[in-house]
Amino acid sequence: MTPVILLAAEKESAEVTDWAARAGWVVGLGLFVALVYWLMREGWKWRGTLQSDLPELPTRPSPTTTVDADGKPPLPGMPSAPGSARLTMSGRYHGSTTAGQWLDRIVAHGLGTRSRVELTLTDAGLDVVRPGASDFYVPVGALREAVLGKGIAGKVLSEGGLLLVTWEHGGKLIDSGFRSDRAAEHTVWVDTINSMINKRETEGAR
């Protein structure tokens, strides 16, 4: 066999070998990604199971009826009607964690799902509407604090880039993180929510 034929044969063999190795690498990478995804999903489900003692989230009152419509008792600290909106916000919901533990994500009842959000604050509480995810409602009596933050549940933003609202549900304190499309609004929200909390506590002490 001439040197030219031998060289051509070796080149063809090398190309086949390289293609097989590449295919194996792609398949291996795909399996690794699938494994990581499966582990993350199982971890999410396991965390949800651990948090199964968290009660169902409060539902928001209808804007056309009283809060205790349909024979249901009003939620604690909630007036008989929601009242007009004090503040509204469009932005993103970045998740909820155990209060003071920004990496301890809460996933029960859809609280771990990040999404777009529409917030409405009234005298009755905080209405959290999330397109594509579960809505929830925080009665004014459950609000504990609002602060400016920069991180929650693996999401880190600039200083003051996050509105953190602390609220109580099922005997558990929860931090929920929101980011407005106009971050300058955060300070107004913090001041208004804390003012509502202070007013309620002052009136309750009388």
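Just so you know, these numbers come straight off a predicted model, no measurement behind them. For the single chain, residues carry numbers from 1 onward in sequence order.
For R114, the salt bridge (charged side-chain N to carboxylate O under 4.0 Å, His left out) test picks out no residue, with sequence neighbours left out. Taking S90 as the reference, E118 meet the side chain to side chain donor-acceptor pair (under 3.5 Å) condition, with sequence neighbours excluded. Applying the salt bridge (charged side-chain N to carboxylate O under 4.0 Å, His left out) rule to R144 yields the partners E168; only residues at least two apart in sequence or on another chain are considered. Take I193 and apply the side chain to side chain contact (heavy atoms under 4.5 Å, CB included) test, not counting sequence neighbours, and it matches L121, L143, A146, V165, W189, I197. T166 meets the side chain to side chain donor-acceptor pair (under 3.5 Å) test with D175; sequence neighbours excluded. Applying the side chain to side chain contact (heavy atoms under 4.5 Å, CB included) rule to E56 yields the partners H109; only residues at least two apart in sequence or on another chain are considered. Scored by the side chain to side chain contact (heavy atoms under 4.5 Å, CB included) test, S115 finds Y93, R130, A133 as partners (sequence neighbours excluded).
By the 4.5 Å heavy-atom criterion applied to side chains, L54 and K172 are counted as neighbours. Put simply, the side chain of V140 does not reach to within 4.5 Å of the side chain of D123, judged on heavy atoms. When side chains are defined from C-beta on, V128 counts as touching V117, because their heavy atoms get closer than 4.5 Å. No side-chain heavy atom of V107 sits under 4.5 Å from any side-chain heavy atom of L111.
Although no hydrogens or angles enter the test, the distance criterion places no donor-acceptor pair under 3.5 Å between the side chain of H186 and the main chain of L148.
Within the model, atoms NE2 of H94 and CG of L163 stand 11.0 Å from one another, a figure rounded to the nearest 0.5 Å. Here CG of D127 is found 7.0 Å from CG of D135. Values are rounded to the nearest 0.5 Å. For the atom pair CG of L162 and OG of S180, the computed distance is 11.0 Å after rounding to the nearest 0.5 Å. The OG1 atom of T97 sits 10.0 Å away from atom CH2 of W102, with the distance rounded to the nearest 0.5 Å. Between atom CG of residue L126 and atom CE of residue M89 there is a gap of 9.0 Å, rounded to the nearest 0.5 Å.
Sorted by first and then second residue, the ring-ring contact (aromatic ring centres under 6.0 Å, His included) pairs with a member in residues 140-176 read F136-W167, W167-H169; sequence neighbours excluded. Applying the salt bridge (charged side-chain N to carboxylate O under 4.0 Å, His left out) definition to pairs two or more places apart or across chains, those involving residues 177-189 are R116-D181, R182-E185. Residue pairs meeting the salt bridge (charged side-chain N to carboxylate O under 4.0 Å, His left out) criterion with at least one partner in residues 188-199, sequence neighbours excluded, do not occur; the list is empty.
Between S96 and I174, the shortest heavy-atom distance links the atoms CB-CG2, 3.8 Å.
No single ILVMFWY cluster, assembled from side-chain heavy atoms under 4.5 Å apart, contains both I106 and L173.
Residues T98 and D104 have side chains that bring a donor and an acceptor to within less than 3.5 angstrom of each other.
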Open item on the list: Let's go through E145 and N194 carefully: what are the C-alpha distance in whole Å and the side-chain angles of both, what is the deciding distance for side chain to side chain contact (heavy atoms under 4.5 Å, CB included) to 0.1 Å, and is it a yes or a no?
Closed with: CA-CA 6 Å; E145 186 183 25; N194 287 333; 4.1 Å; yes
- [ ] Give the intermediate values and the outcome of side chain to side chain contact (heavy atoms under 4.5 Å, CB included) for residues V147 and V190.
- [x] CA-CA 6 Å; V147 297; V190 167; 5.5 Å; no
